[in-house]
Peer 1: 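Take a look at the following structure, please.
Only this structure's heavy atoms are used, side chains among them; waters, hydrogens and symmetry mates stay out. Order of appearance sets the numbers: ligands from 1, and atoms from 1 within every ligand.
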Amino acid sequence: MLKARVTIEKSFKTGEIDPKLYGSFVEHLGRCIYGGIYEPGHPSADEHGFRGDVASFIKELDTPIIRYPGGNFVSGYRWEDGIGPVNERPKRLDLAWRTLETNEVGVNEFSAWCKRVGSDPMLAINLGTRGIEAALDMLEYVNHSSGTYLSDLRIKHGYKEPHDVKVWCLGNELDGSWQTGHKTAHEYGRLALETGRAMKVIDPDLKLVTCGSSSTFMETFPQWEAETLMHTYDVADYISLHQYFSNADGDTPNFLARSLETDHFIKTVISTCDYVKAVKRSKKDMLLSFDEWNVWYHSSSGDADEMKNKPWQVAPSLIEDIYTFEDALVVGCMLITFLKHANRLKMACIAQLVNVIAPIMTETGGGVCKQTIFYPLLHASKYGRGTALMPVVSSPKYDSKDYTDVPYLETVAVTSEEHDELTIFAVNRNLDESIIMSLDIKGFEGYKVADHIVLECDDLKAVNTVANPGKVVPRSRDNTDEINGSEIEIKLEKASWNVIRLTGKPK
Ligand code: AHR
């Protein structure tokens, strides 16, 4: 049995957690929208054609913000195709995924659906094939109350109230050669600056996200950040980060250590932002938006080369990863890492929400299930709100193929004064042994363990499916230990995700 020591102190505050850390992403890609959130004729569909069974899982996740309509898709998108009478909307070639786009769902349907599932929309504009004018038109149509051609057109289309979308992404992954309208840092920086500046004339309170690198593997990372921010620093409020992990070589200890790279990525982007801040003598801190993150490797469908040999189709099954138990541990480690940076990381969107690399999986015309990765996301969204506390951790460590000194124990704490709660999220990365975690909790006198939720499974490769959704599900351990003084010992099973909830409230 391994031993780890963790000290949590009420005053070790990392930062206030922005609920937008638990956001997600819906792209016109594969079956994410068509056959995912939207499926008229499905037995659970509402009067607008959106699936009720999917909506109830999203409500359970309490997803505060959802990014739309892409992703790579947005870089060739004409937003006007998705407004007005549905039967008059054009069918178009989507170059990003080499599919056919029917435009049955557009910005009005998406924004109205967001409201019904309790989320705010985050809209991306096309800075690939388009630019300032299209962005301004879209903003006017979506957010202006009335009395102009485009706001009145929205009213004519049946949406009297403006959608009041506050967060807008200035394009997507324009550093990538695969992106339609790919740009150099200078080209992107200039275009994003001028677009953002004009958008803020319409509404100075908008929050704008400038594109960071599409991954740390890009040759231009982090020079892309430094160069583009030289243009966009004053107009942008957030910079985006994207990161996907794979265990294609089947090396689980190495895979579980990947979140160390997330930590390094975040620190590098913060340093780069702060460098630009210093150069510009700015008083503003650039915030971070991790607006695409997940595990992605089980399904290679959607790769450009593979799609080249297929006919153009409407909503084919693309990139439908079936997630294993070990993937849930990696997702848990990434969430813990996000919380450790709660002071600067203020938004994050798991990519994506339904079917396409997603926590929710549907069968067209059939059922829906919660993938393994649904659970750490659910727990973080439910219990990870309040103030993040940085624990002092002493854990046994290991070396893996790409990393040295990987702590077996990954952990962070969150306190909610409003609810009199302290929650500790912890992953035991050790595949063979449990860890006894000795907790020294200071400043939470009278608190008791109310619940210890654990996600564990003997089979690292176990998955949940519509037919068998109960293979990897969390359970509550019977643990209501009182804190002895300020000390408590908690057992973390081998390879497990844990949520330890303490409360100061009397029973
Ligand atoms: O989320 C899938 C794709 O990954 C997005 O469209 C793109 O932005 C990223 O490369």
Peer 1: Considering residues at least two apart in sequence or located in another chain, which fulfil the side-chain contact (heavy atoms from CB on, under 4.5 Å) criterion with His186?
Peer 2: Thr184, Arg190, Glu227, His231
Peer 1: Which heavy atom of Tyr238 sits nearest a heavy atom of Leu288, and at what distance?
Peer 2: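 Scanning both residues, the minimum pair turns out to be CD2-O, 3.9 Å.
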Peer 1: State, yes or no, whether a side-chain contact exists between Pro64 and Tyr22 at a heavy-atom distance under 4.5 Å.
Peer 2: yes
Peer 1: Contact residues of ligand 1 with a heavy-atom cut-off of under 4.0 Å?
Peer 2: Phe25, Glu27, Gly71, Asn72, Trp97, Asn172, Glu173, Tyr244, Glu292, Trp296, Gln352, Ile357
Peer 1: Can you pull out every side chain to side chain donor-acceptor pair (under 3.5 Å) where at least one residue sits in residues 463-473? Sequence neighbours excluded, please.
Peer 2: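 Those involving residues 463-473 do not exist here.
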Peer 1: If the condition is salt bridge (Lys or Arg N to Asp or Glu O under 4.0 Å), which residues does Lys340 pass it with, not counting sequence neighbours?
Peer 2: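 With sequence neighbours excluded, Lys340 shows a salt bridge (Lys or Arg N to Asp or Glu O under 4.0 Å) to Glu410, given in chain and number order.
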Peer 1: Given side chains that start at C-beta, do those of Val107 and Ile83 come closer than 4.5 Å, heavy atoms only?
Peer 2: yes
